Structure formats: C-alpha cells, structure tokens
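All figures in this text were calculated on a predicted structure; none of them were measured in a lab. Because only heavy atoms are used, hydrogens play no part in the values below, and waters and symmetry mates are left out as well, while side chains stay in.
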Number of protein chains: 2
Amino acid sequence: MIARRKNRVVNPPEHCPLGQCLSIIGGAWTPNIIWYLSSQSRRFSELKDDLQGISPKVLTQRLRKLENEGIVNRKVMPTSPPTVEYSLSELGKELKPAIEAIVAVGEKLKKIKTAEAILGA
Amino acid sequence: MIARRKNRVVNPPEHCPLGQCLSIIGGAWTPNIIWYLSSQSRRFSELKDDLQGISPKVLTQRLRKLENEGIVNRKVMPTSPPTVEYSLSELGKELKPAIEAIVAVGEKLKKIKTAEAILGA
DNA sequence: CTGTATCCTTGGCGATACTG
DNA sequence: CAGTATCGCCAAGGATACAG
C-alpha cells in the first residue's frame with residue numbers, strides 16, 4: 001500500500017510501473033545513502049560526512065526507513081563510544097543497477113550540458 | 001546550479017553523484033511521464049489519462065519543466081481544437097535506461113516481497 | 001559517537017473553477 | 001482540447017539543542 005493520508009493521495013501513481021521502487025529511493029538523500037553504502041559499509045558519522053549537509057535527524061530517519069524496508073543492515077558494535085555499521089542487505093543490492101543507471105545518466109547529462117555551454121556560448 | 005533558496009539547502013547533495021539526474025526525474029509524477037513518453041509521443045489529455053489522478057496544473061508544471069530542461073519536445077498542431085504532442089527529445093531518451101532500471105528493480109522487489117509473504121506467512 | 005527532541009519553513013501537490 | 005488561476009494542506013527536511 002502506497003502512502004495515503006486520509007482521502008488525500010500523497011504519492012501514488014500506483015498503476016504506473018514506477019511507484020513502488022521510487023517510494024524507496026525517492027527521498028532527497030536516500031539514493032546517495034544507498035550509493036555510498038553500495039561500495040562499502042559505513043558508520044553513521046562517515047555517512048554524515050559523505051552526505052555533507054544532512055542533519056543527523058534526517059539521516060537517522062532515512063536509515064531507519066531503509067532498515068525497516070530491509071534495504072540496509074544496522075550493526076551495533078559493542079564498543080565505547082558506540083559505533084554503528086550500516087551496510088546494504090542483499091535486497092538493498094538489488095537497487096544498485098537502478099542507482100548506477102541514474103548516476104550514469106547524470107554524468108552523461110552533465111557532459112552534454114557542458115558541451116552545449118562551450119559550443120553555444 | 002541546483003535549487004537553493006536563500007541560505008537554505010533545498011535538495012542538494014551536489015557533490016554526490018546523483019543530485020543532477022534526480023532533480024530531473026525526482027518528482028512524484030515525472031518518472032512516469034517520462035515512462036509513458038518513452039514508448040510513444042502522447043497528447044496532453046492522453047498523458048492526463050495515463051497518469052490517472054494528476055491535476056492539469058501539475059501535469060503542465062512538470063511538462064514545462066521538462067521542456068525547459070530539454071527533456072521533452074512540445075509540438076502544437078494547428079488544429080481546432082488545438083492538439084499538442086509531447087515526445088522525448090534525444091536528451092530525454094538518455095533517461096530511459098535509468099527509468100527502466102528503476103522499473104526492473106521495482107518489479108523484482110515486488111516479487112521478492114510477494115514470495116516472502118507466501119513463505120513467511 | 002550515535003542518535004532524539006523541537007520547532008519552523010517551504011515547495012509539491014490536490015481540488016476546483018475558469019479561459020482561448 | 002489544452003491549459004491558467006487560486007487556494008490551501010502538509011509532510012519532507014533544515015536548524016539547533018540535548019542525551020546515553
């Protein structure tokens with residue numbers, strides 16, 4: 001069930017093919033979180049550093065959501081001070097091709113725009 | 001330049017690899033619009049029908065934005081009543097692999113969750 | 001270090017009515 | 001048919017402070 005609130009449809013082009021997956025990777029930071037986790041597991045503050053500018057509140061929110069969806073694993077190390085390792089679950093790794101495709105297109109668009117700027121100006 | 005508002009960072013994990021592309025396909029309806037345009041060109045009301053539930057205001061907004069970004073082409077036919085054809089530009093077609101990857105992952109996740117529901121319950 | 005708690009702003013989107 | 005115009009909601013996210 002995709003997010004509904006009262007009778008207000010929040011998100012859902014449910015009948016369209018993309019809704020489900022996008023509700024996972026659709027946040028402002030989420031895809032980048034997945035991206036950084038895809039190459040290696042990271043600790044909370046490492047992610048916070050990777051995603052410079054994210055507030056701890058939001059990072060926690062995103063990670064909790066991803067954890068609940070079974071996309072990331074959270075592993076608390078019994079150290080002091082505590083360290084927590086986040087990593088992509090097997091399910092989470094399914095998202096990699098999509099993320100990679102987005103990244104690839106992003107790079108391509110950037111190149112095209114740069115070329116246009118040079119040629120056009 | 002990715003959307004900033006005053007000193008408030010709205011969207012931008014700019015330094016991360018995904019920001020640029022996601023700002024294009026990141027809306028609630030946008031990826032589906034691109035999806036429907038990817039197989040064939042569509043008229044305004046056809047899209048409105050495909051994306052059942054979208055308001056004309058939002059559809060116009062999205063299409064205008066995509067047009068400005070050079071993702072879609074808008075072609076007004078000199079008929080009465082007017083008909084307008086939207087299609088993906090060459091640039092827009094670059095987005096297809098990303099959208100397709102998202103769709104593919106979406107389907108896969110659905111299957112996995114379905115299987116889990118059957119096995120687990 | 002890894003988070004919670006609070007408060008606030010904002011832009012995306014819905015609903016509806018109207019126009020050329 | 002293909003849009004504009006208005007109004008208003010609200011959840012995502014920012015800033016900051018605090019806690020185990």
Side-chain angles (χ1 to χ4, degrees), chain A residues 2-14 16 19 22-33 41-67 72-87, chain B residues 2-14 16 19 22-33 41-67 72-87:
Chain A
I2 295 184
R4 278 176 187 273
R5 190 81 182 181
K6 296 175 189 172
N7 62 345
R8 179 193 171 89
V9 179
V10 178
N11 225 336
E14 309 187 23
C16 314
L22 266 191
S23 70
I24 296 176
I25 64 172
W29 300 96
T30 312
N32 290 293
I33 293 175
S41 61
R42 311 286 278 159
R43 302 205 334 255
F44 187 85
S45 48
E46 287 176 328
L47 283 173
K48 197 154 145 358
D49 189 52
D50 291 335
L51 306 162
Q52 222 196 330
I54 195 172
S55 71
K57 187 196 70 170
V58 173
L59 181 52
T60 302
Q61 279 180 354
R62 299 289 120 218
L63 287 170
R64 287 289 184 276
K65 182 158 178 277
L66 291 171
E67 196 191 347
V72 309
N73 295 130
R74 181 171 178 271
K75 190 166 151 195
V76 182
M77 317 297 282
T79 56
S80 173
T83 64
V84 181
E85 268 215 351
Y86 291 93
S87 56
Chain B
I2 295 186
R4 277 176 189 274
R5 189 84 183 182
K6 295 174 186 171
N7 62 344
R8 179 192 171 89
V9 179
V10 178
N11 225 334
E14 310 187 22
C16 315
L22 267 192
S23 68
I24 296 177
I25 64 171
W29 300 97
T30 313
N32 290 293
I33 292 175
S41 62
R42 309 286 277 159
R43 300 204 334 245
F44 186 85
S45 48
E46 287 176 328
L47 282 173
K48 195 153 146 357
D49 189 51
D50 290 337
L51 307 161
Q52 221 196 333
I54 195 172
S55 71
K57 187 195 69 172
V58 173
L59 181 52
T60 301
Q61 279 179 354
R62 297 291 120 214
L63 286 170
R64 287 287 185 279
K65 183 159 177 275
L66 290 172
E67 195 191 348
V72 309
N73 296 131
R74 180 172 178 270
K75 190 166 151 196
V76 182
M77 319 295 283
T79 56
S80 174
T83 64
V84 181
E85 269 215 350
Y86 291 94
S87 56

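Here A/Arg64 reaches the OP1 or OP2 of C/dT4: one of its side-chain N or O atoms lies under 4.0 Å away. For the OP1/OP2 pair of C/dG3 and a distance below 4.0 Å, the side-chain nitrogens and oxygens of A/Tyr86 include at least one atom meeting the criterion. For C/dC13, one of the phosphate oxygens OP1 or OP2 lies less than 4.0 angstrom from a side-chain nitrogen or oxygen of B/Arg62.
The two atoms that bring B/Thr30 and B/Arg62 nearest to each other are OG1-CD, 3.3 Å, heavy atoms only. When all heavy atoms of A/Ser41 and A/Glu46 are compared, the closest pair comes out as O-OE1, 4.4 Å.
For B/Pro82, the listed nucleotide lying nearest its side chain is D/dC1; candidates were C/dC13, D/dG3, D/dC1. You'll find that the side chain of A/Ser45 is closest to C/dT2, out of C/dT2, C/dA15, C/dG3. Picking from D/dG13, C/dT2, D/dA2 the nucleotide with the shortest atom distance to the side chain of B/Thr83 gives D/dA2. Side-chain atoms of A/Thr60 lie closest to C/dT4 of the nucleotides C/dG14, D/dA2, C/dT4.
Side-chain atoms of A/Thr79 come within 3.5 Å of backbone N or O of A/Pro81 as a donor-acceptor pair.
Under the 3.5 Å distance criterion, with hydrogens and angles disregarded, a donor-acceptor pair is assigned to the side chains of B/Tyr86 and B/Arg74.
In terms of position on DNA chain C, the residue among A/Arg74 and A/Lys57 whose nearest nucleotide sits closer to the 5' end is A/Arg74.
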